Asker: 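The following block contains the structure, expressed as structure tokens.
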Amino acid sequence: MTLNHTHDSTARSWVASANQAGTDFPIQNLPFAVFKPKSAPAHDWRAGIAIGKEVLDLPALATTGLLQGLALQAAQAGAADALNPIMALGQPAWHALRHAVFALLKDDAATGVQAQVQTCLHPQADVVFNLPARVGDYTDFYTSIHHATNIGKLFRPDNPLLPNYTWVPIGYHGRSSSLQVSGSDVRRPNGQTMPPGATAPAFGPCKRLDWEVELGVLVGTGNTLGEPITIDRAEDHVFGICLLNDWSARDIQAWEYQPLGPFLSKNFGTTLSPWVVTLEALAPFRTAMERPDGKWDDLPYLSHDTNRQQGALDIQLSIGIATEGMRQAGQPAHMVSQTSYRHAYWTMAQMVTHHTVNGCNLQPGDLLGSGTLSGPQPAQAGALIELTQGGKLPVTLADGSQRTFLQDGDEVVMRGWCEAPGAARIGFGECRAIILPAIAI
Ligand code: MN
């Protein structure tokens, strides 16, 4: 993906809030979401594009006569409760819509055009969001070698990194029914655990509730069953990227995970940000793959020069906790960790290609989780279990309270953004949720 005039860091919008320093949504970003005005009837969802503190209603824009061709077709496809119809149109349509919307929102758009587009804007504060996609299948990968090693040390001190890790992009099939959009509460799960030294499992509320800082890669166009996606074309199939929190019940996981991997420790909830940032918007933040072990002999189907040179993305991520008391006192979430997607061992193109190499078909709206994106340093841990070294070293929050794992009433807030020399800063917004107590059973 090459840079073009929509990446020009000097471009400004006539929407004033899009030009404010530190905004997640300058004119260079233009991410997609599904929303409805709070005042609109239930289920009156439609697709929109963020600009500053506003959201541009795409089906409304489609009726103004300001769009033509593929861009018009894409905006019309936004009259739905999910982005799937836009995703299915393919990269040329996403590109056409981005470029058309960029021109309409730029500060040199004609006054009459600005007035027409203004009628299609809603303040983000006055809307509610739906999940961005109707996710048919959700797969969670394990692409951070730092996370794999940190977790491996806790579960298998003598054998932290299993020998397949540097050859196979490891993943498991997740559960799409419990995906929720940011702002939805998450219920603490009940389940079986095996307490240390016990001979029979206990049952009850999870005691080691954790988050995982991840990105969600949303598939645009799929592939035919039986026909793999080669690595040179893999990114053509990706619509964009959102924030993803893979809630994890560590005590349930430790007991159930052998030999088939995560099950009830993961499928009670996964939170996604409403905003999906397109690959075109992310073009200025590409970077070379990082391999701390210096191993570059991937099997040929996973090897590609362009992927190695610029298949990684420097998406910075932070996670914080706001306790109930902090929220009542108006205190912001206390950031406890910051990391970047650039540290992933396997790239998004490798995830797509590996997933389909056996002929498995991806479909529009499918979700590929990156796996917990821990970086090489301890403060870059993507989960509490790593940050607290298995619950041994508590973190202290701004209100003086301490946490090893999450307590009921805690709100977890994840943010993502990109910065690079010569590029406008863009952001992913937030992915947040409050923990509710377990149901008594
Ligand atoms: Mn995960």
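Each residue takes its place number in the sequence, starting with 1. Just follow the structure's listing: the first ligand is 1, and inside any ligand the first atom is 1. Every value quoted in this text rests on a predicted model; they were computed, and no experiment measured them.
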Asker: Check salt bridge (charged side-chain N to carboxylate O under 4.0 Å, His left out) between Asp314 and all other residues, then give those that pass, not counting sequence neighbours.
Answerer: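 Arg342.
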
Asker: How are the rings of Tyr142 and Tyr165 set relative to one another: parallel (under 30°), tilted (30 to 60°) or perpendicular (over 60°)?
Answerer: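 Ring orientation, 0 to 90° scale: perpendicular.
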
Asker: Which residue is it: Thr278, Leu58, Leu30, Leu89? I am looking for the one with a side chain to side chain contact (heavy atoms under 4.5 Å, CB included) to Leu97.
Answerer: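 Single pass found, and it is Leu58.
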
Asker: Quick one: list whatever passes salt bridge (charged side-chain N to carboxylate O under 4.0 Å, His left out) with Asp140, sequence neighbours left out.
Answerer: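 So Asp140 forms no salt bridge (charged side-chain N to carboxylate O under 4.0 Å, His left out) with any residue.
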
Asker: If I consider every N, O or S atom in Asp246, which one ends up closest to the Mn ion (ligand 1)? I only need its name.
Answerer: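 The Mn ion (ligand 1) is closest to the Asp246 atom OD2, counting only N, O or S.
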
Asker: Looking at Asp140, which of its N, O or S atoms is the nearest one to the Mn ion (ligand 1)?
Answerer: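 Atom name of the closest N, O or S in Asp140: OD2.
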
Asker: Using the Mn ion (ligand 1) as the vertex, how large is the angle between OE1 of Glu212 and OE2 of Glu214, rounded to 10 degrees?
Answerer: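 About 90° at the Mn ion (ligand 1).
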
